[in-house]
Amino acid sequence: MAWIESNQELARHPKAIKAARKLGISVPTVVGHLHFLWWWCLEYANDGDLSKFDALDIAVAAGWEGDAGDFVTALVECGPGDSMGFIEQTDLGLAIHDWMDYAGRLIEKRQANTKRMQNARAKNKHVRNTGATRATNVQGLPYPTVPNPTEPYLTVPNHNIIDDVIPCEGELDSEKTSETMTEPEPVDLKLVVKKFPCNLRSIGTLAVEWAEKNWGRMIPKGDADSILAWCDEFSTNGSEDPDAVVIEGLKYCLDADARNVNYLRAVLTDWREAGILSVDQVKAREAEHIKQKKCKRNKDPGDKLQSAKKESSKYEKFYL
C-alpha cells in the first residue's frame, strides 16, 4: 500500500493559499488536487520527474477538470516571492518540488524490497540450474549418461580390456597363472537418481497466493512482505518446502479465526524455536500434543476418591 507524508501545515501554507487564489477555488480543494497528483507520482513518476508528461497529463493526474495550462502554471508560480511552487521548472523540465523529502523513505523501501526479491529469484534460479534430476552410472540405457559436474566422477575399472602388448620373457607363466584365477565379480551398476527441490517460482509466492485465496481478502504489501520473510527464513534454516510450512501456519490462523500476521508470527515463531522445518514435523508435533491431552484426561482418579474418603471420615463420628 503506497503512502506519502502529508503535513498538517499544508492547509495554512502560503503556497496552498496562493494556488487557490490563482485557480479560483478553495484551499481544501487545492489540497485534494495536490494529494491526487502526489499519489499518481508514486506509481508513474516515483522520482518526481514530470518532464515526460505534458500539462494535460499532470492535470488529469491531479483530477483537475479545468484548463490544464492554468493549473500547471498556478502550481509553478504559487511560491511566495522567489521560492519554488509545488512544481518547479528545471533544466530537464517540470518536477515535483522537494519530492524526495516527502517520498524518499517509501522509494528507499521499495528499492530495498526490489533488491531482496531479485536476490531471492537469483537464489531460486541457482537451485533450478543445479537441482534438475540427474542420472549417473546407469546400466542398460540406450544412450550415454552425463556425469554430475558438482560431484566427483568415480569411474569403474573395465576388467575386459585386452592390451595388445608383446609379453616379455617370464611373463607367459604369469599369464597362465592369471588364467586360473577367478574372474572378478561383475560390478552392479545401479540407477542413481538424485532429486533436488526445483521450485520454478520465487520462495513465498505460493504462500501469499494461498493467504489471499483462503483468507478472503487482499493481502497488504506489508503483510505479504512478512509472509515472504518467513518463507525465506525457513528456507535458510534448511526447509525443503518453506512455502508449505508457512501455508500450514496460515491454516492454523484460519482455524483459529485469526487472519492476521500477528497470530501467524506467534505460530511460526513457536515452530522455529522447536526446530520444525516440514509439514510432517508439524503434524507429528500436533499428534503428540493430542496424545498428551488424552493421557491427562484418562488418568486414574482413584487418588482423588481416596482423599475425599479421608476428608469425610473425620466427620463420621461427629454425626453418630
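All residue numbers refer to positions in the sequence shown, counting from 1.
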Ignoring hydrogens and geometry, is there a side-chain-to-backbone donor-acceptor pair from [X] to [Y] under 3.5 Å?
X: Asp70; Y: Asp67; value: no
X: Ser235; Y: Cys231; value: no
X: Thr236; Y: Asp232; value: yes

So, taking the atom named [atom1] in [X] and the one named [atom2] in [Y], what distance separates them when rounded to the nearest 0.5 Å?
X: Met218; Y: Asp223; atom1: CE; atom2: CG; result: 11.5 Å
X: Leu268; Y: Ile276; atom1: CG; atom2: CD1; result: 10.0 Å
X: Gln292; Y: Glu288; atom1: CD; atom2: CD; result: 5.0 Å
X: Arg272; Y: Asn237; atom1: CZ; atom2: CG; result: 8.0 Å
X: Asp57; Y: Leu50; atom1: CG; atom2: CG; result: 10.0 Å
X: Lys15; Y: Ile87; atom1: NZ; atom2: CD1; result: 10.5 Å

Test side chain to side chain contact (heavy atoms under 4.5 Å, CB included) applied to [X] - qualifying residues, sequence neighbours left out:
X: Val31; answer: Leu10, Val27, His35
X: Ser83; answer: Pro80
X: Asp91; answer: none
X: Ser278; answer: Asp280, Gln281

Over all heavy atoms of both residues, which pair between [X] and [Y] is shortest? Give the atoms and the distance, please.
X: Ile227; Y: Ala211; value: CD1-CB, 4.1 Å
X: Cys78; Y: Gly85; value: SG-CA, 3.7 Å
X: Ser239; Y: Val245; value: OG-CG2, 3.9 Å
X: Pro242; Y: Phe234; value: CB-CB, 3.9 Å
X: Ala95; Y: Thr90; value: CB-CG2, 4.2 Å
X: Ala62; Y: His33; value: O-ND1, 2.8 Å

Among pairs that include at least one residue of residues 210-229, which meet ring-ring contact (aromatic ring centres under 6.0 Å, His included), considering only residues two or more places apart or in two chains? none

Suppose the criterion is ring-ring contact (aromatic ring centres under 6.0 Å, His included): which pairs have a residue in residues 7-29, not counting sequence neighbours?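 For residues 7-29, and leaving out neighbouring residues, there are no ring-ring contact (aromatic ring centres under 6.0 Å, His included) pairs at all.
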
Applying salt bridge (Lys or Arg N to Asp or Glu O under 4.0 Å), can you list everything that pairs with Arg285, at least two apart in sequence or on another chain?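 With sequence neighbours excluded, Arg285 shows a salt bridge (Lys or Arg N to Asp or Glu O under 4.0 Å) to Asp270, given in chain and number order.
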
Who are the salt bridge (Lys or Arg N to Asp or Glu O under 4.0 Å) partners of Arg21, not counting sequence neighbours?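 For Arg21 there are no salt bridge (Lys or Arg N to Asp or Glu O under 4.0 Å) partners, ignoring immediate neighbours.
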
Just checking Glu65: does its CD atom have more than 12 heavy atoms from other residues, nucleotides or ligands closer to it than 6.0 angstrom?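 No, because the 6.0 Å sphere around CD of Glu65 holds 12 heavy atoms or fewer from other groups.
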
Tell me whether Phe36 at atom CZ has more than 12 heavy atoms from other residues, nucleotides or ligands lying less than 6.0 Å away.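 Not more than 12 within 6.0 Å, no.
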
Membership question, hydrophobic clusters at under 4.5 Å side-chain separation (ILVMFWY): are [Y] and [X] in the same one?
X: Val267; Y: Val261; value: no
X: Val30; Y: Met84; value: no
X: Val279; Y: Leu206; value: no
X: Val76; Y: Ile96; value: yes

Lys/Arg-Asp/Glu bridge criterion (N-O < 4.0 Å) met for Lys251, Asp255: no

Between Trp99 and Phe86, is the ring centroid distance below 6.0 Å? no

Side chain to side chain donor-acceptor pair (under 3.5 Å) with Asp49: which residues, sequence neighbours excluded? Ser51

State which residues pass side chain to side chain donor-acceptor pair (under 3.5 Å) with Glu77; sequence neighbours excluded, sorted by chain then number. none

May I ask you to test the Leu228-Ile203 pair for a side-chain heavy-atom distance under 4.5 Å? no

Run the side-chain contact (heavy atoms from CB on, under 4.5 Å) check on Tyr252 and Trp271 step by step: do they pass? CA-CA 12 Å; Tyr252 271 58; Trp271 292 355; 3.9 Å; yes

In the hydrophobic cluster built from side-chain contacts under 4.5 Å, what are the other members alongside Leu56?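 Members alongside Leu56: Val60.
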
State which residues pass ring pair (Phe, Tyr, Trp, His ring centres under 6.0 Å) with Phe53; sequence neighbours excluded, sorted by chain then number. Trp40

Carefully, step by step, assess Leu94 and Glu88 under the rule side-chain contact (heavy atoms from CB on, under 4.5 Å). CA-CA 6 Å; Leu94 297 176; Glu88 60 180 285; over 6 Å; no

